[in-house]
Structures are given as C-alpha cells and as structure tokens.
Amino acid sequence: MALPPSFYDREVLEVARDLVGCVVEHEGLAGVIVETEAYHQSEPAAHSFVGRTARTAVLFGHPGQAYIYRSYGIHALLNAVCQGPDVGAAVLIRALQPLEGVARMHALRGVAREVDLCNGPGKLTQALAIDLDLHGTNLYEGPILIHPREDGWADPELVVGPRVGITKAADLPWRFCAAGSRYVSKPWPPGLRATLAP
DNA sequence: CATGGGATTGACT
DNA sequence: GTCAATCCCATGC
C-alpha cells in the first residue's frame, strides 16, 4: 500500500525526514529515497514564495500530489506536496537508491554505473520515466506511488545540511540524506562523511 | 509582448 | 572548475 494523504498533511520538515527510506515507484521502476529537501512558502527559495499562481497552484493544493516542474529548461524535478490545502509546501525528492527495474533505468539514462542512475533530482525522474505530464497526479493512487519504509529502513540515520543549488535562503538546513549512502546527489565533506559512514 | 532567471546536468579544460 | 543547453512563466514595459 502507498502512503496515505494524511502522511503528507504534516509539517513539511517532518515529511521530508520521514520520506527518507520510503520507496518511489513508477511503471515497475522503483528506488529507495535517500535524499530530500523541504520547501515552504515562508522562504524565498520555494516556488510557492510568490503566492498562488497558475504555476504554483498544485503546491497550494491537496497533500500527496506530485508537483513536477522543468528546471533549466531541460530536467523534470519531482516534489511531494505537503501541508494543505492552502499551504504552499513540498518535499523535493533529490536521490534514490535503485531497487527495481535497474536494467530499464540504465536504458533510460544511458550511463554505466548504478550509482549514477538516480543520484540527482533530474536524473531520478529520467530513470523512472517521470515526465511533466504527471504533474498534479497524486502519489497514493498513481501512476507514481510512494510506499512506506521497508525492512532495513525502519529508522534510518539522517545527515542534515543546507540545500543544494539554490541562491536564496541557502543557509537553511533543510536537506536530509540517509547517512553513508553512496547514492546521494552530492557527497558531504570528507571529514564529516567519514564519521557517518556505515 | 519581451525579457530574464531558475530547486540541473554533462561535456570539456 | 567552468559553461552552455533550453523551457516555463512571472514580471515589467
């Protein structure tokens, strides 16, 4: 069973933490979430900061919907809408550990190494064949589904840090990674990473 | 209606 | 480390 809408109807930082270890699935392609970032209308890095517009309407919509947008004109990025309706908050899925359909992910991505399949927000959407036409669909009825944590991910150790690739509110520690995972999009500094490796 | 910037990636130096 | 590619849409004239 997929996570219910109530899972997403909570404070966005909680949802971002709790999504690490959960499983994203689309068309038989699946991976374990190892990295997330939280976004909220109260801070300028969030798309919802500008308020409700045609572009951001989904962010202010029902919790558990997929907010998918194109970044730099090229990449599709997948977010899970939280807290609402009427609160513009979402969790960006930034990296997955490939789980099912790995051979097809390689075909979709065209890269050799397994760690390169889903270690970035634009990469994982390509690996799972997620495109903009799924914007506004929900994550509990599909086509994209997010499942609860499975065995081995019951209570993952998390590393918290600043978000990646943004210019505004770059200091907020709203990025959550599975400690020691080789599948995160950007490694932590060597010293810190060493203390957190499994 | 024209313009500019962005939550990125991959190729190249 | 640097840089271009390329689309959506908010903003401003």
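These numbers come from the heavy atoms of this one structure, side chains and all, not from hydrogens, waters or symmetry mates. Lettering follows sequence order; numbering is per chain, from 1.
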Gap between atoms OH and C1', on A:Y69 and B:dG5 respectively (whole Å): 12 Å
Rounded to whole Å, CD of A:E37 lies from C1' of B:dA7 at a distance of 7 Å
List in chain and number order the residues that pass ring-ring contact (aromatic ring centres under 6.0 Å, His included) with A:H40, two or more places apart in sequence or in another chain; answer none if no residue qualifies. none
Check residues 116-133 of chain A and write down every donor-acceptor pair under 3.5 Å in which the side-chain atom is one partner and the other belongs to a residue at least two apart or another chain.
residue, atom, partner, partner atom, Å
A:D116, OD1, A:R113, NH2, 3.3
A:D116, OD2, A:R113, NE, 3.0
A:N119, OD1, A:K123, NZ, 3.2
A:N119, ND2, A:V115, O, 3.3
A:T125, OG1, A:A76, O, 2.7
A:T125, OG1, A:G122, O, 3.0
A:Q126, OE1, A:R109, NH1, 2.9
A:Q126, NE2, A:L108, O, 3.2

Closer than 3.5 angstrom, by distance alone: can the side chain of A:T36 be matched with the main-chain N or O of A:A16 as a donor-acceptor pair? yes
If I take atom CZ in residue A:R175 and atom P in nucleotide B:dT8, what distance separates them, rounded to the nearest angstrom? 10 Å
With sequence neighbours left out, write down each residue that passes side chain to side chain contact (heavy atoms under 4.5 Å, CB included) with A:H47, or none if nothing qualifies. A:R55, A:T56, A:L59, A:Y67, A:Y69
Rounded interatomic separation in angstrom, taking NZ from A:K168 and P from B:dA7: 6 Å
With A:E14 via salt bridge (Lys or Arg N to Asp or Glu O under 4.0 Å) - residues at least two apart: A:R10
When rounded to the nearest 0.5 angstrom, what distance separates OH in A:Y183 from CD in A:E35? 14.5 Å
Can you tell me if A:E37 uses its side chain to pair, donor with acceptor, with the backbone of A:V164 under 3.5 Å? yes
Any stems for DNA chain C, made of 3 or more Watson-Crick or G-U pairs in a row, each with both distances under 3.5 Å? B:1-6 with C:7-12, B:8-12 with C:1-5
In whole angstroms, how far is the P atom of B:dA7 from the CG atom of A:L124? 17 Å
Under the salt bridge (Lys or Arg N to Asp or Glu O under 4.0 Å) test, residues paired with A:R163 that sit two or more places apart: A:E43
Among all residues two or more places apart in sequence or in another chain, which pass the salt bridge (Lys or Arg N to Asp or Glu O under 4.0 Å) test with A:D86? A:R52
Using a cut-off of under 3.5 Å, enumerate the N/O to N/O pairs linking the protein to nucleotides 11-13 of chain B.
none

Quick one, which residues of residues 82-119 of chain A touch DNA chain C with a heavy atom under 4.0 Å? none
Hits for side-chain hydrogen bond (donor to acceptor under 3.5 Å, both in side chains) against A:H147, two or more places apart or cross-chain, chain-then-number order -> A:E25
Distance, nearest 0.5 Å, that separates CZ of A:F49 from OH of A:Y39: 14.0 Å
Does a side-chain N or O of A:K123 approach OP1 or OP2 of B:dG10 to a distance below 4.0 Å, or not? yes
With rounding to the nearest 0.5 angstrom, report the CD1 to SG distance, A:I33 to A:C177. 12.0 Å
Which is true for A:S185 with a 4.0 Å heavy-atom rule: it touches a base, it touches only sugar-phosphate, or it touches nothing? nothing
Using the 3.5 Å cut-off, write out each protein N or O paired with an N or O of nucleotides 6-9 of chain C and the distance between them.
residue, atom, partner, partner atom, Å
C:dT6, O2, A:Y72, O, 2.3
C:dC7, O4', A:G73, O, 3.1

For the atom pair CG (A:L92) and CG (A:N79), what is the distance rounded to the nearest 0.5 Å? 5.0 Å
Set of residues satisfying side-chain hydrogen bond (donor to acceptor under 3.5 Å, both in side chains) with respect to A:R182, sequence neighbours excluded: none
Between B:dG5 atom P and A:L77 atom CG, what is the distance in whole Å? 20 Å
Could you give the CZ-to-P distance, from A:F49 to B:dG6, as a whole number of Å? 14 Å
